Amino acid sequence: ELQFYSGGRDPQFASLRQSWLGGLIVLYNGVGGFRTLPDSIDENALSNGEIWLALAYYTRLFPQDQSTAAIVKQADRHMMRIYSAQPDAGFYSWGVKAAAQRFLATSDIRFADFAFQQTRAYLKGVGPSPDHDENSCAEVEGLAAAQGLLRSMARRDDRLELRLQKRIDADMAVNSALQIQPGQARIELGH
């Protein structure tokens with residue numbers, strides 16, 4: 001809905017957006033993280049990353065929503081503190097995309113630095129090895145977000161950019177091989 005709205009500012013789904021936002025706010029734990037379920041106190045890397053990205057994107061589109069913006073600012077501090085200290089593969093793609101959204105909204109270099117720190121950790125082994133044989137499309141979205149952010153910066157890190165491009169190319173070769181090809185009539189499922 002946010003992408004639909006950003007494309008044409010069509011308000012036809014505004015009530016659904018508000019319900020969705022309310023559902024995410026219910027998961028906010030009051031200190032910067034997000035519960036995995038409404039009746040739980042537990043947070044995890046995936047929930048944190050997904051919800052931080054969703055709210056970062058929302059607040060970029062609707063900066064006048066000050067109460068949600070305040071939650072996002074707390075989430076910014078929480079996510080960067082927690083995952084800078086302990087990068088997590090489940091958080092990686094969502095967290096880097098959220099940091100890129102926050103950088104676009106604020107121009108605060110801390111978000112770009114965080115995205116690059118997370119990417120270096122991912123490439124050094126937080127993520128799967130480069131010779132994996134499983135779908136990594138979601139992870140490639142994070143790698144591509146980091147690459148786009150890196151390319152937009154005045155100060156460049158050519159070494160990181162080269163590593164990103166090699167990893168994206170390698171992962172997409174595997175991902176493409178997992179896709180149903182035009183004219184394909186059979187799928188070999190292996191074990």
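Not measured: the values here are computed from a predicted model. Heads up: numbering here begins at 1 and tracks the sequence.
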Looking at Arg77 and Asp108, does any basic side-chain N land under 4.0 Å from a carboxylate oxygen? no
Please check if Phe103 and Leu160 belong to a single hydrophobic cluster, counting links between Ile, Leu, Val, Met, Phe, Trp and Tyr side chain heavy atoms closer than 4.5 Å.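 Yes.
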List the atom of Gly127, the atom of Ala89, and the distance in Å for their closest heavy-atom pair. CA-CB, 4.3 Å
Looking only at heavy atoms, which two atoms of Arg120 and Asp157 are closest? And how far apart?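 For Arg120 versus Asp157, the nearest heavy atoms are NH2-OD2, 2.6 Å.
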Whether over 12 other heavy atoms sit under 6.0 Å from Leu16 CG: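 Counting neighbours around CG of Leu16, more than 12 heavy atoms of other residues, nucleotides or ligands fall under 6.0 Å, so yes.
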Taking CD in Gln181 as the centre, count heavy atoms belonging to other residues, nucleotides or ligands within less than 6.0 Å. Is the count above 12? yes
side-chain contact (heavy atoms from CB on, under 4.5 Å) for Arg163 and Thr119? Distances and angles first, verdict last. CA-CA 10 Å; Arg163 290 178 64 204; Thr119 297; over 6 Å; no
Passes side-chain contact (heavy atoms from CB on, under 4.5 Å), Arg167 versus Tyr122? Steps please. CA-CA 11 Å; Arg167 182 59 184 263; Tyr122 183 87; 4.0 Å; yes
For Trp52 and Phe91, take the angle between the two ring planes, folded into 0 to 90°, and tell me which bin it lands in: parallel under 30, tilted 30 to 60, perpendicular over 60. parallel
Checking ring-ring contact (aromatic ring centres under 6.0 Å, His included) between Tyr5 and each of Tyr57, Tyr58, Phe62, which is the one that passes? Phe62
Derivation and outcome, side-chain contact (heavy atoms from CB on, under 4.5 Å), residues Gln101 and Phe111: CA-CA 9 Å; Gln101 285 294 318; Phe111 294 111; over 6 Å; no
Would you call Leu21 and Leu55 a side-chain contact if the rule is heavy atoms closer than 4.5 Å? yes
